[in-house]
Amino acid sequence: MFSPVFSQKAEQIFKAAGSPANPKVSISWNKYYDHAGITEICKKIIAAYPDLAKLETIGKSFEGRDIWCLSITDYKKGDASTKPAMYIDGNIHSNEIQGAEFAMYTAWYLTETFFDTKFIRELLADKVFYIIPSINPDGRDSYIHKGNTASSPRSGVIPVDNDRDGEVNEDGYDDLDGDAEILYMRRKNPNGNLRIDPNDPSRMITVPADQKGDYEFLGLEGIDNDGDGLVNEDGYTFEYDPNRDWGWGWQPNYIQGGAYKYPFSLPENRAVMEFVMKHPNIAAAQSFHNAGGMILRGPGGQEDVGTYNPQDVRVYDFIAKKGEELIPGYRYMVVYKDLYSAYGGELDWFYGGRGIYTYSNELWTPYLMFNKDATRGPEDASSNEFNRYLLFKDAFVEWHEFNHPQYGKIEIGGFKKNFGRTHPGFLLESDAHRNMAFSIYHCYQTPKLEIDSVSEKDLGDGLKEITAVIANRRIMPTHSSQDTKYKIERPDYISITGAKVIAGMVVQNRDLNITSEQKNNPQTIEVDNIPGMGIVTVRWIVQGSAKYGINVDSRKGGKATMSK
Ligand SMILES: [Ca+2]
Ligand SMILES: [Ca+2]
Ligand SMILES: [Ca+2]
Ligand SMILES: [Ca+2]
Ligand SMILES: [Zn+2]
């Protein structure tokens with residue numbers, strides 16, 4: 001009899017390179033999970049790896065769902081709250097769900113490969129990942145369980161009177177045939193402008209300008225529910241845009257469509273903001289959207305171009321260029337000039353408000369269908385070919401008749417909501433892995449501080465000069481230029497303990513002996529920044545020859561110590 005339990009012994013399984021052969025938490029990464037599923041996966045990960053993963057809720061959504069955050073690090077090595085951190089979230093737009101799977105895959109992979117993979121072990125000794133699979137769990141469940149298109153809902157679920165008729169959500173999409181899909185309605189019409197594509201009967205084509213067709217489109221599944229002459233004019237799908245709500249360069253709705261009431265007026269975003277404010281060790285951040293195959297950085301508005309100074313742009317460019325190599329089909333772009341202007345976006349607040357190096361990836365690109373460029377959307381023939389030969393027509397609902405209360409005999413059909421923006425199953429794990437690799441690279445490049453050298457010089461009369469060189473072994477500085485410009489985070493502290501300090505100073509030029517003395521509290525030298533792949537040099541004059549220690553303490557750069 002068939003046994004549902006997999007019986008091959010662990011040692012008999014032939015490990016595929018780069019993947020855990022026998023994960024403690026067995027998850028299929030070729031499908032999507034709703035909020036209950038996310039909750040279960042998070043809980044399984046922390047139960048399997050209590051020394052590597054912790055789970056907390058950072059707040060509640062509008063409808064009261066927990067916004068889960070997995071904190072992944074080697075809890076046996078150092079204080080997690082002082083390690084440079086990589087923040088990851090997904091699903092701010094309700095329909096852009098796969099960010100949550102990509103984020104969870106990252107948490108799963110880091111924990112499952114920790115014991116076998118030296119690189120991951122070393123990474124988690126130094127760094128911590130804060131992973132919030134969905135920062136919009138209400139919208140996620142709404143997308144998955146209700147009638148929707150691939151593009152709806154973008155919004156969360158707070159009701160808004162879109163057409164200002166005094167009623168709220170009185171006329172949204174109507175899932176006429178009850179399949180949890182909102183598809184197109186078409187009707188036979190001898191004066192129509194469409195006909196069925198003779199090469200592919202699932203497709204409609206527009207007839208040439210001098211010909212008559214035999215079909216017309218009637219829009220997406222719906223009824224004029226309130227009899228105001230409009231169909232689908234006020235549902236829960238496009239109430240507001242959660243990615244126009246953030247407190248940097250925020251603009252009201254009449255300038256920036258989609259802005260809700262005031263910055264952080266959405267409870268989910270406010271919870272994220274408060275989490276980030278409480279974790280000043282976050283040095284790098286990644287948010288996941290869909291679609292288009294992009295690695296985006298700010299600014300969202302041209303007004304902010306000046307806040308990205310050349311050394312920051314250098315860091316952004318360096319990491320993102322690596323991302324383009326790691327994720328084929330994805331292009332590195334700047335929001336305001338390569339995409340569109342957007343005010344109040346999450347990535348602008350992370351960088352503008354907190355000085356954190358942040359990317360938003362637009363996951364999924366039609367490139368992934370045949371590993372060549374294709375235009376986006378179901379109108380493109382390559383989507384039909386892909387659906388036909390690789391998905392065996394599973395992504396399309398064949399046209400079928402329906403009796404519409406207002407339009408009479410119509411037909412309903414079209415691509416399902418799981419196609420066009422979210423990954424088909426067999427490509428989901430692959431792209432999750434590549435995007436995770438990009439996040440890991442980004443995290444790897446957060447500052448790593450070391451005490452490079454300490455030298456002593458006897459000045460006579462019981463005085464000694466101690467010169468310490470502090471190195472940052474990664475490309476990211478301890479303070480982005482935005483951070484130093486607006487004094488977002490405190491300076492880095494380089495301190496000496498155990499010695500009687502007479503004077504302390506930063507050494508600007510060691511060869512020419514140019515220093516600037518710090519008269520106040522000289523045992524703890526404050527430096528504004530420790531540059532990426534760079535050094536700072538500090539010096540103390542001390543009295544006596546007691547043993548001493550040197551400590552480096554940086555909010556975003558972590559800690560380093562040495563004793564002599
Ligand atoms: Ca209304
Ligand atoms: Ca339907
Ligand atoms: Ca209506
Ligand atoms: Ca109405
Ligand atoms: Zn989005």
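One-based numbering, in listed order, for ligands and for the atoms of each. Just so it is clear, the values below take in all heavy atoms, side chains as well, and ignore hydrogens, waters and symmetry mates.
Shortest distance from the Ca ion (ligand 1) to E167 is reached at O (N/O/S atoms only). Residue D161 approaches the Ca ion (ligand 1) most closely through its N/O/S atom OD1. Closest approach between the Zn ion (ligand 5) and any N/O/S atom of E96 involves OE1. The atom name of the N/O/S atom in D163 closest to the Ca ion (ligand 1) is OD1. The atom name of the N/O/S atom in D228 closest to the Ca ion (ligand 4) is OD2. Between the Ca ion (ligand 1) and the N, O or S atoms of D234, the shortest distance is to OD2. E233 contributes OE2 as its N, O or S atom closest to the Ca ion (ligand 4).
When H93, E362, H423, R421 are each tested for a side-chain hydrogen bond (donor to acceptor under 3.5 Å, both in side chains) with N290, only one passes: R421.
No side-chain donor from either of E96 and N91 sits under 3.5 Å from a side-chain acceptor of the other. Remark: the N95 side chain and the S151 side chain contain no N/O donor-acceptor pair separated by less than 3.5 Å. In this structure, a donor-acceptor pair under 3.5 Å is absent between the side chains of S439 and T106.
At least one N/O/S atom of E170, whether from backbone or side chain, sits less than 3.0 Å from the Ca ion (ligand 4). Not one N/O/S atom of E362, from backbone or side chain, sits under 2.8 Å from the Zn ion (ligand 5).
Here the Ca ion (ligand 4) is the vertex; the OD2 atom in D226 and the OD2 atom in D165 give an angle of 90° (to 10°). Angle ND1(H93) to the Zn ion (ligand 5) to ND1(H289): 100° [nearest 10 degrees].
The pair D141-K146 fails the salt-bridge criterion, with no side-chain N (NZ, NE, NH1 or NH2) lying under 4.0 Å from an Asp/Glu carboxylate O. E181 has no carboxylate O lying under 4.0 Å from a charged side-chain N of K416, or vice versa, which leaves the two without a salt bridge.
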Exercise for the section: Dump the intermediate steps for side-chain contact (heavy atoms from CB on, under 4.5 Å) on S383 and F419, then the final yes or no. Expected result: CA-CA 9 Å; S383 294; F419 185 70; 3.8 Å; yes

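With W250 as the aromatic partner, R244 does not meet the cation-pi criteria of under 6.0 angstrom to the ring centre and within 45 degrees of the ring axis.
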